[in-house]
Amino acid sequence: MRSAAAVEGISLLKSGCVAVKFGEQGTPHATTFTLSLDERTLSWAARGVVSGLLPRSRAVELRHVSRLLVGRESEVFKRYRGRLSAPGRDYLSLSLRFHEGGSGASASSSPPAQYKVRGGMGPAGGGVEPGSRRESLDVSFDDEVTFGLWVAALRALLPPAALCTDRDSAAHSAIHSAAPAPTPIFGEGRPGGLPPPPPPPPPPPPPPPVAVPKAPSPPPPPPAGAPQSLVSARPARQVSAADAMKQALRKKANTRLVERKDEVAALVCRALGELGDGVDAAEGALKELEGAADSLGLPLAAEEWGARLGSIKKKGGGSHFDEALLGRAGEAHRRLSSLASMVAWRGALRTRQTQVSSAVAAFRSGKASLSRVQTIARLSEMLHLLSKTVGEITKDGGYAPALREMAALRVPESLDDDAAAAQLSSAVLAEVAREVAEKELAGLRSEKALTRRFRAPQTLAVLRAAREVVQDVANFLPASEELSRSVGEQRALLDAGIAEVEPMAAAGQQACYEEEDEDYV
């Protein structure tokens, strides 16, 4: 039987609940989570400006969750330890870890190792398309009540195995998976003919379930002809324990904001002032301002600052904060939210560039320990990820409005330059693909004539894959006469190699057929 907290938490999730989601890239951002009506799927969608550049809706099936972790114990959370840009508190965080073993889409019957999230891009966000692989879903909260309702709801919805600790899981597996050994004959296999030891005592019975009192039934309607005062009287709405706790925490936060009114005004003034010289300085200023806002109880990912401060009323009427400050607080919140979006997108672009540079260095130094066919496949995969990240940011319909908003709010940004730099970084992928193909062709040429025909098919596959990478790079690079000429020369060299190897590969294939025919004869 579900507890009252679990029922309230499930109702909260079905109606949509805002929390802060941490990801493998970018900065944490406010996200709306929704539980499906059949209570099997948890979906989410980004809020605010960043929602224009992220998939409209993503989802996970709760049956694929292997463990519920309370606290910041996942690998994603560990990346944010010690950062001022990580909102929330450690003890108000949780992670849903997905099953290990297997691969494939979320619709498959076997749970994937890195769960493939369902979702789509575009204004409609429709359809279920292959999403990004993830090992966990990591969420943090701003108050104890919402966090407690989430945990209670998940404990009621997740499989029992996902709620066990590692020790409990190991004990459960040891008890229930071991088959009973056959009983030996008296004295057989024991020194001195001693009888076997007595069987272990049975495990203690489980504790009896705790009885949950039922909610009191509503009072009967007043009888016909009763006085109007009795008819009009209605019982007062009962406030749940969770709502009472939430109201107490908000009242405490309101008192803190009023007591630190001068600090709030100073924060708003700093947020609307100069953010430094350049984009890097603005990114550093964002981290400082986020830390100051969190200490005051005004997290950037939560409620808009003007509305939050305006909700704090005096006992005799009116607000503790004047209209001018409320208006400036709303503008400051919009400015910092826009700055946070810029930092997230810039970080995603620069992360892809760093990945390309590191991989190329490993390939050229020989530390990658990959075959030439695998190296070409890895180059193609990196180019796909790079082009996907650039496209999701710059080709989405929300990108141009976001840039206009940043300009209006005086947010320093260099996103167009960062996107162009990410495109230019793909040129080195074409160079490495050509280098790998040339080494493979040189190895074929050094073979003896008798064995050359057996290696020719592999060399031809490497040359064709390398040419495909070079062509994809040419399509992704920005228009430039110099770049077009360089890529064209690489493509011409690979075309010449393919023309050279194709007759050898065909002759080798024909020789294999002839040998098979002789074996049958």
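Looking only at side-chain heavy atoms (C-beta outward), Leu429 and Val356 come within less than 4.5 Å of each other. No side-chain heavy atom of Met406 sits less than 4.5 Å from a side-chain heavy atom of Leu339. Looking at Ser357 and Arg352, their side chains never come closer than 4.5 Å, going by heavy atoms from C-beta outward. Side-chain contact between Val139 and Leu96 is absent, with no heavy-atom pair separated by less than 4.5 Å. Looking at heavy atoms from C-beta onward, Glu413 lies out of side-chain contact with Trp345 at the 4.5 angstrom threshold. Between Leu137 and Leu42, the closest side-chain pair of non-hydrogen atoms falls below 4.5 Å. A heavy-atom distance below 4.5 Å is found between the side chains of Leu154 and Leu94. Proximity of Trp305 to Leu336: side-chain heavy atoms (C-beta onward) are separated by under 4.5 Å at one or more points.
Using modelled atom types, one side-chain atom of Asp143 and one backbone atom of Thr146 make a donor-acceptor pair closer than 3.5 Å. Checking side-chain atoms of Ser36 against main-chain N and O of Arg40 turns up a donor-acceptor pair under 3.5 Å. Here the side chain of Thr41 pairs no donor or acceptor atom with the backbone of Glu61 at under 3.5 angstrom. At distances below 3.5 Å, at least one donor-acceptor pair connects side-chain atoms of Gln423 with backbone N or O atoms of Phe476. Although no hydrogens or angles enter the test, the distance criterion places a donor-acceptor pair under 3.5 Å between the side chain of Thr31 and the main chain of His29. Between the side chain of Ser358 and the main chain of Gln355, no donor-acceptor pair closer than 3.5 Å is present. For the pair Lys261 (side chain) and Arg256 (backbone), a donor-acceptor distance under 3.5 Å is absent. Although no hydrogens or angles enter the test, the distance criterion places no donor-acceptor pair under 3.5 Å between the side chain of Ser414 and the main chain of Asp417. Of the possible donor and acceptor atoms, one in the side chain of Ser15 sits under 3.5 Å from a partner among the backbone N and O of Leu12. A distance-only check finds a donor-acceptor pair linking the side chain of Arg79 to the backbone of Gly23 [under 3.5 Å].
One finds the CG atom of Leu298 at 12.0 Å from the CG atom of Leu289 (value rounded to the nearest 0.5 Å). For the atom pair Leu309 CG and Leu296 CG, the distance stands at 9.5 Å (nearest 0.5 Å). Atom CD of Glu392 is separated from atom OG of Ser387 by 9.5 Å, given to the nearest 0.5 angstrom. Between the CG atom in Leu157 and the CG atom in Leu35 there is a gap of 6.0 Å [rounded to 0.5 Å]. Put simply, CZ on Arg308 and CZ on Phe321 are 9.0 Å apart, with the number rounded to the nearest 0.5 Å. Atom-to-atom distance recorded for Leu386:CG and Ser425:OG is 4.5 Å, nearest 0.5 angstrom.
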Chi angles and distances behind the side-chain contact (heavy atoms from CB on, under 4.5 Å) call for Glu135, Phe98: CA-CA 6 Å; Glu135 296 178 354; Phe98 303 116; 5.8 Å; no

For the pair Arg334 and Glu304, evaluate side-chain contact (heavy atoms from CB on, under 4.5 Å) and give the outcome as yes or no after the intermediate values. CA-CA 8 Å; Arg334 289 192 297 273; Glu304 192 264 342; 4.3 Å; yes

Any chance you could lay out the side-chain contact (heavy atoms from CB on, under 4.5 Å) test for Ser95 and Phe77, step after step, and finish with the verdict? CA-CA 9 Å; Ser95 301; Phe77 273 133; 3.2 Å; yes

Set out, in order, the CA-CA distance, both residues' side-chain angles and the distance that settles salt bridge (Lys or Arg N to Asp or Glu O under 4.0 Å) for Glu331 and Arg328, then state yes or no. CA-CA 5 Å; Glu331 183 181 356; Arg328 289 168 56 83; over 6 Å; no

Please assess Thr34 against Trp44 for the test side-chain contact (heavy atoms from CB on, under 4.5 Å), listing each intermediate value before the final yes or no. CA-CA 6 Å; Thr34 307; Trp44 65 90; over 6 Å; no

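A salt bridge is defined here as a Lys NZ or Arg NE, NH1 or NH2 lying under 4.0 Å from an Asp or Glu carboxylate O, and Arg346 with Glu283 meets this definition. Salt bridge status for Glu381 with Arg378: present, with a side-chain N to carboxylate O gap under 4.0 Å. Using a 4.0 Å cut-off between a side-chain N of Lys or Arg and a carboxylate O of Asp or Glu, Arg250 and Glu303 qualify as a salt bridge.
When all heavy atoms of Tyr399 and Thr394 are compared, the pair lying nearest together is CD2-O, 3.6 Å. A pairwise comparison of heavy atoms in Ala5 and Leu149 identifies O-CD2, 3.7 Å as the closest pair. The heavy-atom pair separating Met342 from Leu415 by the smallest distance is O-CD2, 4.0 Å. Shown here for Ser319 and Lys314, the closest heavy-atom pair between the two residues is O-CE, 3.5 Å. Residues Lys78 and Glu73 approach most closely at CE-O, 3.3 Å, considering heavy atoms. Taking each heavy atom of Asp418 and Gln353 in turn, the nearest pair found is O-OE1, 3.9 Å.
Within 6.0 Å of CD on Glu39 lie more than 12 heavy atoms contributed by other residues, nucleotides or ligands. More than 12 heavy atoms of other residues, nucleotides or ligands shown are found within 6.0 angstrom of NZ on Lys14. Around atom NZ of Lys251, no more than 12 heavy atoms belonging to other residues, nucleotides or ligands sit under 6.0 Å away.
In this model, a donor atom of one side chain and an acceptor atom of the other lie less than 3.5 Å apart for Arg72 and Ser140. Under the 3.5 Å distance criterion, with hydrogens and angles disregarded, no donor-acceptor pair is assigned to the side chains of Arg97 and Ser136.
Classified by interplanar angle (parallel below 30°, tilted 30° to 60°, perpendicular above 60°), the ring pair Trp150/Phe33 is perpendicular.
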